[in-house]
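Working notes, structure below.
Everything numeric in this text was worked out from a predicted model, so none of it was measured.
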Amino acid sequence: MARSDPEPRTPGAADQDFGILLGWTADPAGERVALKLQSASKRPDDAEDVREYRYFLSKEQAVLLGNYLYTLAGETAPRRKRPGFFERLFG
């Protein structure tokens, strides 16, 4: 099956998909995680310069993304501390 060529990009279209990450929040959303990213393509002078993107990820996707970012940064993900003896005994 032949694939159609992607739509031609207009000048400046690359700038619309590129920016600096300013901040993010993540909140539980039932069985998913609601992730909000804020970015800007230039130094923001006012709130209109900040773009917001919202994503819903499964919890597995969130863990994979976090581990991937740790790997890219050359870090190791924090390990959960094993509960102590009394905590395991008495829950």
R88 atom CZ, neighbour heavy-atom count above 12 within 6.0 Å:
yes
In short, E52 meets Q38 closest at the heavy-atom pair OE2-NE2, 3.0 Å
Side-chain heavy atoms under 4.5 angstrom apart, residues restricted to Ile, Leu, Val, Met, Phe, Trp, Tyr: same cluster for L72 and V63?
no
In this structure, would L69 and Y53 fall into the same cluster of hydrophobic residues linked by side-chain contacts under 4.5 Å?
yes
Are L57 and L21 linked, directly or through other ILVMFWY residues, by side chains that come within less than 4.5 angstrom of each other?
yes
In the single-linkage hydrophobic clustering (I, L, V, M, F, W, Y; side-chain heavy atoms under 4.5 Å), do Y68 and L35 co-cluster?
yes
Remaining members of Y70's ILVMFWY cluster at a side-chain heavy-atom cut-off under 4.5 Å?
none
For F85, the hydrophobic cluster (side chain heavy atoms closer than 4.5 Å, chained through members) also holds F86, L89, F90
If hydrophobic clusters are built by linking Ile, Leu, Val, Met, Phe, Trp and Tyr wherever their side-chain heavy atoms come under 4.5 Å apart, do F18 and L22 end up in the same one?
no
Going by side chain to side chain contact (heavy atoms under 4.5 Å, CB included), name the residues that satisfy it together with K42, two or more places apart in sequence or in a different chain.
D45, D49
